[in-house]
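See structure below.
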Amino acid sequence: QVQLVESGGGLVQAGGSLRLSCAASGRTFSGTGAAWFRQAPGKERAFVASIIGSGGSTSYEDSVKGRFTISRDNAKNTVYLQMNSLKPEDTAIYYCASKRAYGAIKSFASYDYWGQGTQVTVSS
């Protein structure tokens, strides 16, 4: 059984930083890959960043490029999302997801296991 457990969310002022962690069991992130999505109130779940394949190729949503960094620790089977220069519009529930062997990187449907979500709130 695949389980993803996220941690690291919280309340931070604009301009601050947070690091989210996602630890997996039952599946290796260095295989197909993983991503972070987020869902703000009243909005659909949206792609944030991904790290795919054994080479760890990364992709980012345009609004977080240069501020967020996704990384992976293969020994711990854990994926991280370092978030710097946070803005109030980054406020959302952040979800970690494990990718299927197929499907577009930024598509919600390409991920088959999800964590429970962690709340990130950025105050102005």
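Keep in mind that the numbers below use all heavy atoms, side chains included, and drop hydrogens, waters and symmetry copies.
Within the model, atoms CD1 of Ile105 and OG of Ser110 stand 8.5 Å from one another, a figure rounded to the nearest 0.5 Å. Rounded to the nearest 0.5 angstrom, Thr69 OG1 and Tyr80 OH are separated by 14.0 Å. How far OG of Ser124 is from NZ of Lys87: 14.0 Å, rounded to the nearest 0.5 Å. Interatomic distance, CZ of Arg27 versus CD of Gln1, reported as 12.0 Å (0.5 Å rounding).
Scanning all heavy atoms of the two residues, the minimum distance from Arg100 to Ala109 falls at NE-O, 2.9 Å. Minimum heavy-atom separation, Ser50 to Tyr111: CB-OH, 4.0 Å. Considering every non-hydrogen atom in both Ala34 and Val79, the closest pair reads CB-CG2, 3.8 Å.
In summary, the aromatic rings of Phe37 and Tyr95 are positioned with their centroids too far apart to meet the 6.0 Å limit. Aromatic pair Trp114/Phe108: ring centres closer than 6.0 Å.
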Does the pair Asp112 and Lys99 meet the rule for a salt bridge (charged side-chain N to carboxylate O under 4.0 Å, His left out), with working shown?
CA-CA 6 Å; Asp112 54 356; Lys99 194 178 181 301; over 6 Å; no
Start with the C-alpha distance between Phe29 and Cys22, add both sets of side-chain angles, then the distance that settles side chain to side chain contact (heavy atoms under 4.5 Å, CB included), and finish with yes or no.
CA-CA 10 Å; Phe29 278 143; Cys22 175; 3.8 Å; yes
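Judged by distance alone, the side chain of Glu6 and the main-chain N or O of Gln116 form a donor-acceptor pair under 3.5 Å. Listed for the Asn77 side chain is no donor-acceptor partner under 3.5 Å among the backbone atoms of Asn74. Within the 3.5 Å criterion, the main-chain N or O of Thr78 finds no donor-acceptor partner in the side chain of Asp73. Judged by distance alone, with hydrogens and angles left aside, the side-chain atoms of Thr91 form a donor-acceptor pair with the main-chain N or O of Pro88 at under 3.5 Å.
Put simply, the side chain of Trp36 reaches to within 4.5 Å of the side chain of Leu20, judged on heavy atoms. No side-chain heavy atom of Arg67 sits less than 4.5 Å from a side-chain heavy atom of Met83. For the pair Arg72/Ser30, a side-chain contact is recorded, criterion being any heavy-atom separation below 4.5 Å from C-beta on. Proximity of Lys43 to Arg38: side-chain heavy atoms (C-beta onward) are nowhere separated by under 4.5 Å.
Looking at Ile70, Val120, Thr118 one by one, the single match for side chain to side chain contact (heavy atoms under 4.5 Å, CB included) with Leu81 turns out to be Ile70. For the pairing with Leu86, the side chain to side chain contact (heavy atoms under 4.5 Å, CB included) check across Leu18, Val64, Thr121 returns one residue only, Leu18.
Taking the six-membered ring where the residue is Trp, Phe68 and Tyr94 present tilted rings, their angle falling between 30° and 60°.
Around the NZ atom of Lys65, the shell of radius 6.0 Å holds more than 12 heavy atoms that belong to other residues, nucleotides or ligands.
Note on Phe47 and Ile51: separate hydrophobic clusters, where clusters join Ile, Leu, Val, Met, Phe, Trp and Tyr whose side-chain heavy atoms are under 4.5 Å apart, directly or indirectly.
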